[in-house]
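Written below as structure tokens is the structure these notes are about.
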Amino acid sequence: MLLVPGLVAAGAAVQLAPHTWLGPDGEPLPFQSDAELLEFLRQAEIVSAEELTSGVTRPFRVLLRHGDVEAYGVFRYVDERATRAKYASRRGELFFRDSAGFECAAYELSQLVNVRHVPPVVERTYDRKQGTLQVWVERVMTETERLAAGRSDPAVQRWNRQLNVMNVFDVLIGNIDRNRGNILIDEYWRVWFIDHTRAFRGSSRIDSQALVSIERGFWEGLQALAAADVRERLGAYLTERELRGLLQRAEGMVAHYRKLIRERGEAQVVYTY
Ligand SMILES: Nc1ncnc2c1ncn2[C@@H]1O[C@H](COP(=O)(O)OP(=O)(O)OP(=O)(O)O)[C@@H](O)[C@H]1O
Ligand SMILES: [Mg+2]
């Protein structure tokens with residue numbers, strides 16, 4: 001967990017630039033909305049694929065084509081159940097899943113709670129493997145690469161707040177795998193959250209240490225999060241146990257933040273990007 005002090009301190013907030021999706025040639029893709037991009041991901045032909053060798057579960061980087069539009073994507077297909085014996089470090093859980101379907105669940109949930117940091121992703125089958133296809137974010141560095149290069153966002157508050165959104169989102173989705181390769185940073189210092197195949201633990205436990213403040217849109221989304229919508233949009237990807245864990249964490253987080261707001265005042269807890 002990354003601790004970020006001074007999140008709600010005074011000072012002009014630096015807006016996140018609106019994002020434009022780029023093709024392999026660096027030119028903007030012709031999509032007017034995420035919905036259009038999702039449709040492209042569903043329909044595009046997978047022209048070629050290469051294994052992303054860095055990973056344990058070897059997702060593919062794929063070239064997509066539909067009409068005269070080309071874009072890169074990432075195809076993930078992991079679907080594993082593990083026992084505690086095999087993964088002793090995953091404390092307290094008898095089993096967990098490592099599932100490509102969680103990518104879709106994380107994206108759908110991000111949309112419900114106004115978190116605009118998860119690249120669009122759909123369900124796809126490729127090479128007889130059932131999995132998910134996500135748009136490739138061009139011109140990024142991973143957090144590992146950022147640290148190695150010794151670079152940092154000149155707008156410190158923008159950076160801290162995005163990491164706060166990430167940490168709070170990880171509590172909500174029960175993510176245990178936010179390593180530095182799963183954080184992408186684009187050329188405008190927007191942070192992208194990727195690789196959620198080890199999220200959605202069944203546990204209702206929340207680490208409230210990470211929950212010192214919250215971005216306003218996220219807070220509004222979290223309070224308005226309805227069980228029926230979660231079941232409708234995420235039901236295809238999660239088991240009943242995973243769904244219940246998620247809904248209980250959401251409830252716990254709302255109670256936690258309401259208490260913080262009562263104690264400290266809203267201005268100390270809720271901030272706007
Ligand atoms: N949507 C994306 N856009 C740009 N780069 C991506 C995207 N998805 C993955 N990558 C790149 O590929 C790398 C590996 O992908 P990913 O983290 O999904 O798989 P993994 O690391 O194999 O999974 P695990 O963390 O389970 O080992 C990432 O660290 C990142 O550099
Ligand atoms: Mg990864």
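No hydrogens, no waters, no symmetry mates; every other heavy atom, side chains included, goes into these values. We count ligands from 1, going down the list as the structure has it; atoms in each ligand are counted the same way. In this chain, residues are counted from 1 in sequence order.
- Taking 4.0 Å as the cut-off, R61 does not count as a neighbour of ligand 1 on heavy-atom distance.
- In the vicinity of V74, heavy-atom distances shorter than 4.0 Å reach the ligand 1 atoms 1 (N), 8 (N).
- With a heavy-atom cut-off of 4.0 Å, V137 touches ligand 1 through backbone and side chain alike.
- Remark: distances from the non-hydrogen atoms of D98 to ligand 1 are all 4.0 Å or more.
- Close contacts between ligand 1 and R198 involve ligand atoms 26 (O) [criterion: under 4.0 Å to a heavy atom].
- Not one N, O or S atom of D177 sits under 2.8 Å from the Mg ion (ligand 2).
- Judged purely by atom type and a 3.5 angstrom limit, R178 uses its side chain to pair as donor or acceptor with the backbone of I194.
- Using a 4.0 Å cut-off between heavy atoms, L184 contacts ligand 1 through its side chain alone, with no backbone atom that close.
- Counting the atoms of ligand 1 from 1 in the order shown, those under 4.0 Å from a heavy atom of T142 are 31 (O).
- The shortest N or O to N or O distance between N182 and ligand 1 is under 3.5 Å.
- Ring geometry for W159 versus W189: interplanar angle over 60°, hence perpendicular rather than tilted (30 to 60°).
- Side chain of E242 to main chain of T239: a donor-acceptor pair is present (N/O by atom type, distance under 3.5 Å, no hydrogens or angles).
- Residue contacts with ligand 1, taken as heavy atom pairs separated by less than 4.0 Å, involve D177 solely via side-chain atoms from C-beta onward.
- Not a single donor-acceptor pair under 3.5 Å links the side chain of D153 to the backbone N or O of V156.
- Checked against a 3.5 angstrom limit, the closest N/O atoms of G181 and ligand 1 fall inside it.
- By the criterion of a heavy-atom distance under 4.0 Å, neither the backbone nor the side chain of E138 is placed next to ligand 1.
- Close placement of the Y257 and W219 rings is indicated, their centers lying within 6.0 Å of each other.
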Verdict with supporting geometry, E123 and Q130, side-chain contact (heavy atoms from CB on, under 4.5 Å): CA-CA 8 Å; E123 280 188 295; Q130 215 193 317; 4.2 Å; yes

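- Using bins of under 30°, 30° to 60° and over 60° for the plane-to-plane angle, the ring pair Y126/F60 lands in the perpendicular bin.
- Atom numbering of ligand 1 starts at 1 in the shown order; those under 4.0 Å from a heavy atom of P59 are 19 (O), 22 (O).
- The backbone N or O of F102 lies less than 3.5 Å from no partner atom in the side chain of H196, so there is not a single donor-acceptor pair.
- One finds no salt bridge joining E80 and R198 here, because no Lys/Arg side-chain nitrogen approaches an Asp/Glu carboxylate oxygen to under 4.0 Å.
- Annotation: angle subtended at the Mg ion (ligand 2) by N182 OD1 and D195 OD2 is 90°, to 10°.
- When only interatomic distances are considered, the shortest N/O to N/O separation between D195 and ligand 1 falls below 3.5 Å.
- A side-chain donor-acceptor contact under 3.5 Å links D207 to the backbone of Q209.
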